[in-house]
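Structure, as structure tokens:
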Number of protein chains: 2
Amino acid sequence: MFSIGQLSKRTGVKIPTIRYYEQMGLIDEPGRSEGNQRRYTKDGLSRLSFIRHSRDLGFTIEDIRGLLDLSQHPEEPCNDAHSIAAQHLREVQSKITKLRRLERELKRITKCDAGNMATCAVIETLADHGLCETEH
Amino acid sequence: MFSIGQLSKRTGVKIPTIRYYEQMGLIDEPGRSEGNQRRYTKDGLSRLSFIRHSRDLGFTIEDIRGLLDLSQHPEEPCNDAHSIAAQHLREVQSKITKLRRLERELKRITKCDAGNMATCAVIETLADHGLCETEH
DNA sequence: TATAATTCCTCTAGCTACTAGAGCTTCAAG
DNA sequence: CTTGAAGCTCTAGTAGCTAGAGGAATTATA
């Protein structure tokens, strides 16, 4: 049996976040001590680790809800789990693409070495969209 | 003089967002028609374009507040504008790095072709952090 | 066993940057 | 002068937490 603090230390999930997940229905309401404090089992620990790990990989709460459901049915085919992960991969890739475009643009405008605002490439570019090299 | 709708069309910023920026103090309260509707000048238009463009480049509202302030002082040196942009560039680059790690991990786990949940790499990886290839 | 330090409880509100909707008023065209 | 589009204010909701108030329970030390 773990207290919420111990669970937090073992999983790296902050205490208020654990309570938040409980509220969102991602984890079951655990048992309570006589004094009404939460007491977790190993099952609770592994479920929370699953959630933590999924969040690290950037899955949304709703994705995780689905993945958790799916993981409860070991005999079923795992197409659904795959499509959630594959969809997420596409989102990640599209974010990367966008950020790389931003990076290029920011690199370009921060290269400016004008002395003052009036001729500063940063300010000038922001003021005038026409100076951008790429669409965004 | 533009109505809020015209301003919205010219800048691509949605109407409620324009009002939101006003509330946040990013743009000045514009004049009003006799019937209390907002009326914008060219100055308002260029300020909003500046904001729009900055948001496209991923600057936060607070960053933009700073950049707008700086752009009002054309005679001053532009070191501050640069450091805001350079800092933002670093943040973008760090996001890219993280996302690339995620991408690698997601690619790996979605390659799984197990038939069912019990042996599915997606579920298994999420359940057991030890199976990850990289830290995240 | 008494007390002190720590942890835990619930509840509410705040963060970013918007977006949506209700219910009402004004504007512009015909 | 009517009608439909556009505008007004205000409130609340989005994701995923985080912070703080005010109080109760648990654990460690004396």
Side-chain angles (χ1 to χ4, degrees), chain A residues 1-27 29-40 44 47-48 50-68 84 87-88 91-92 95 98 102 136, chain B residues 1-27 29-40 44 47-48 50-68 84 87-88 91-92 95 98 102 136:
Chain A
M1 292 296 227
F2 317 108
S3 69
I4 198 170
Q6 291 167 331
L7 194 68
S8 171
K9 263 184 202 134
R10 276 166 184 264
T11 57
V13 179
K14 287 183 189 153
I15 292 173
T17 306
I18 297 175
R19 291 198 276 247
Y20 169 75
Y21 289 158
E22 182 184 325
Q23 212 184 304
M24 294 296 100
L26 275 195
I27 55 185
E29 292 186 21
R32 297 281 180 140
S33 73
E34 287 193 3
N36 199 36
Q37 301 194 351
R38 290 169 177 82
R39 290 294 176 263
Y40 296 91
R47 194 172 171 99
L48 186 57
F50 186 105
I51 294 169
R52 165 77 212 263
H53 196 179
S54 306
R55 286 294 300 137
D56 282 348
L57 289 171
F59 288 99
T60 66
I61 299 285
E62 285 317 302
D63 282 346
I64 298 172
R65 208 188 291 282
L67 291 169
L68 279 166
I84 290 174
Q87 170 61 26
H88 182 48
E91 283 161 15
V92 167
K95 268 189 202 165
K98 276 186 198 151
L102 280 192
H136 36 244
Chain B
M1 292 297 225
F2 317 107
S3 69
I4 196 168
Q6 291 167 331
L7 193 67
S8 170
K9 262 184 202 132
R10 276 167 184 261
T11 56
V13 179
K14 287 181 190 154
I15 292 174
T17 305
I18 298 176
R19 292 198 275 245
Y20 169 76
Y21 288 156
E22 182 184 325
Q23 211 183 305
M24 293 298 98
L26 274 195
I27 54 186
E29 293 186 22
R32 298 281 181 140
S33 72
E34 286 194 4
N36 199 36
Q37 301 194 350
R38 290 170 178 80
R39 291 292 176 264
Y40 296 90
R47 193 169 172 101
L48 187 56
F50 186 104
I51 295 170
R52 167 77 213 264
H53 196 180
S54 305
R55 287 293 301 137
D56 282 349
L57 289 172
F59 287 98
T60 66
I61 299 285
E62 285 316 303
D63 282 345
I64 298 171
R65 206 187 293 281
L67 291 169
L68 279 166
I84 292 175
Q87 171 61 26
H88 182 48
E91 283 161 16
V92 167
K95 269 189 200 164
K98 277 187 195 149
L102 280 191
H136 38 243

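Every value quoted in this text rests on a predicted model; they were computed, and no experiment measured them. Protein chains get the first letters and strands the later ones, always in sequence-line order, with residue 1 at the start of each.
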Given atom [atom1] of [X] and atom [atom2] of [N], what is their separation to the nearest angstrom?
X	N	atom1	atom2	answer
A:D56	D:dC17	CG	C1'	14 Å
B:I18	D:dG7	CD1	P	9 Å
A:M24	D:dT18	CE	C1'	14 Å
A:Q6	C:dC8	CD	C1'	12 Å

For A:Q87, give me all partners under side chain to side chain donor-acceptor pair (under 3.5 Å), at least two apart in sequence or on another chain.
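Counting only residues at least two positions away or on another chain, A:Q87 forms a side chain to side chain donor-acceptor pair (under 3.5 Å) with A:R90, A:E91.
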Distance below 4.0 Å between B:S3 side-chain N/O and D:dG7 OP1 or OP2:
yes
CD1 on A:I27 to CZ on A:R47, rounded to 0.5 Å
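These two atoms lie 8.5 Å from each other.
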So how far is it from A:R55 CZ to A:Y21 OH, rounded to the nearest 0.5 Å?
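One gets 5.5 Å once the value is rounded to the nearest 0.5 Å.
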Short question: side chain of B:H88, backbone of B:L57 - any donor-acceptor pair under 3.5 Å?
yes
Would you mind building the protein contact string for nucleotides 9-27 of chain C? One character per nucleotide, 5' to 3', B for base within reach (heavy atoms under 4.0 Å), S for sugar-phosphate only, - for untouched.
SB------BBB------SS
salt_bridge(A:E62, A:R65) N-O dist < 4.0 Å:
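Here A:E62 pairs with A:R65 in a salt bridge, since their nearest N and O are under 4.0 Å apart.
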Kindly indicate whether the side chain of B:K95, heavy atoms from C-beta on, has any atom under 4.5 Å from the side chain of A:K95.
no
